[in-house]
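Numbers here simply count residues along the sequence, with the first being 1. Numbering of ligands and ligand atoms starts at 1, following listing order. Keep in mind that what you see is a predicted model, and the values were worked out from it rather than measured. Basis for what follows: all heavy atoms, side chains included, without hydrogens, waters or symmetry-related copies.
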Amino acid sequence: MASTQQDARGVPVSFCKAESLANFETALLQFQSYFGDPTVTLEKTLEHDPEFVLGHVFYASVLLMMTERQYIPMIREHIEAAESLAAKANDREKRLTLAARQWMEGHWDLASLTWDNVLADFPRDAMTLQLGHLTDFYRGDCFNLRDRIGRAMSRWDKSVPGYSYILGMQAFGFEECNQYDKSEATANAALDIEPRDGWSVHALAHTLEMLGRYEEGKLMYTSREQDWAPDNGFAFHNWWHLALYHIEHEDFDGALELYDKQILPEDSDVSLQLCDASALLWRLYLQGVDVSQRWDRLASLWAAKTPVENGYYAFNDMHAVISLVGAGRFDAANEVLKAVRSAANNNIGVSAMMAGDVGIAICDAMIAFGQQRYDDAIDKLSPIRTLAHRFGGSHAQRDILTQTLTEAAIRSGNLGLSHSLTSERLVHKPLSPLSLRFANKQVI
Ligand SMILES: [Fe+2]
């Protein structure tokens with residue numbers, strides 16, 4: 001007999017213990033808010049209720065969102081557990097299991113479509129909305145970052161639990177589609193409902209960054225710090241955005257203080273966190289700032305991971321490369337590049353596309369820049385800079401490529417290119433002190 005159980009948003013759930021369903025809600029809120037660890041909650045739940053299909057699928061899917069190969073054995077275990085329970089699962093859960101398998105096997109694009117089909121039938125499936133949203137981010141699919149949420153939005157309002165998190169995702173989607181007024185209004189609407197929503201704070205930070213409203217951004221972060229920062233698993237990334245505002249205003253010490261105290265205060269093996277740390281140091285390096293021994297420590301953290309992670313996700317690979325280059329470990333950086341080449345040739349799915357379309361050229365360019373072969377860096381970066389969304393990330397994150405290209409043009413004396421890139425930057429960010437610094441360097 002089909003189960004009549006539903007989650008808090010009215011989405012049907014197949015047979016499970018009542019306690020498991022309550023725990024699912026806890027894990028979902030942890031996933032949405034980044035307060036607490038959903039995998040810990042789900043692991044305990046599955047110990048008591050090993051036939052909780054949705055629990056297995058959720059566990060596997062949360063781990064997929066880490067974008068790390070090291071978790072694949074654990075992910076596989078939970079997907080296989082869910083598949084073995086197919087006779088008890090409802091149709092949605094079977095499709096969610098399929099999506100997790102598609103993602104695990106490298107077909108992030110197919111998983112994205114499967115989730116979209118689920119959402120067409122269950123627009124209040126908050127877990128799937130967020131999995132889709134994060135995957136849109138990892139694939140650099142800005143229109144779906146906005147429109148996947150839009151397709152479900154007519155079925156959401158303030159009365160549905162977790163509405164603010166849906167608004168927060170939509171706000172980020174608007175920002176990545178350059179709709180800044182809508183993004184700001186939507187993020188503020190979300191924060192009026194749930195001030196502790198770190199994703200909405202983040203959407204607002206992106207918008208203020210793109211509009212060059214850096215002082216406002218700093219104030220937004222500092223005035224709300226008690227909401228988004230303490231004990232929040234996403235705080236390192238929000239701190240990273242605050243550090244970008246410091247770099248704009250040439251407060252490099254302020255940026256480094258955030259690096260030391262908030263962005264990478266302790267050793268970590270989380271790629272998402274190491275990417276932010278690497279990107280921050282590289283931006284400072286481009287500005288000629290001495291970051292001291294920080295590169296060495298960061299490169300060692302990456303080097304401990306790269307034998308497993310190399311070639312899994314080109315966006316992460318690029319950040320490993322810049323860290324190794326920063327530490328002067330060119331052999332290790334070239335090993336990563338080799339793995340990216342191999343991913344382009346051997347792998348199936350999005351990994352091969354990302355590596356082949358942009359990953360190889362970007363890693364190659366960053367190594368060339370570190371070896372002061374600026375013309376080579378320009379040759380590699382110029383053709384793919386505007387296609388780099390194919391390996392995911394945000395506009396703010398991918399700006400590292402434009403900054404590197406601009407700096408390479410300045411250092412190599414390529415005045416035509418450096419003028420044109422600075423001109424482009426000033427159109428979008430006329431008030432940006434960083435834009436003006438690039439412009440001033442060309443006069444010298
Ligand atoms: Fe961000």
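For Lys305, the NZ atom is densely surrounded, since the number of other residues' heavy atoms within 6.0 Å is greater than 12.
With Arg92 as the fixed residue, the salt bridge (Lys or Arg N to Asp or Glu O under 4.0 Å) test singles out one of Asp7, Asp121, Asp125: Asp125.
Cation-pi contact between Arg425 and Phe438: absent, since separation from the ring centre below 6.0 Å together with deviation from the ring axis within 45° is not met.
For the residue pair Gln273 / Ser268, a side-chain donor-acceptor distance below 3.5 Å is found, with atom types taken as modelled. Side-chain contact, Trp282 with Thr404: a donor N or O sits under 3.5 Å from an acceptor N or O. Looking only at atom types and distance, the side chain of Asp141 has no donor-acceptor partner in the side chain of Ser112 under 3.5 Å away.
Listed by chain and residue number, the protein N/O/S atoms under 2.8 Å of the Fe ion (ligand 1) are His202 NE2, His206 NE2, His237 NE2, His241 NE2, with waters left out.
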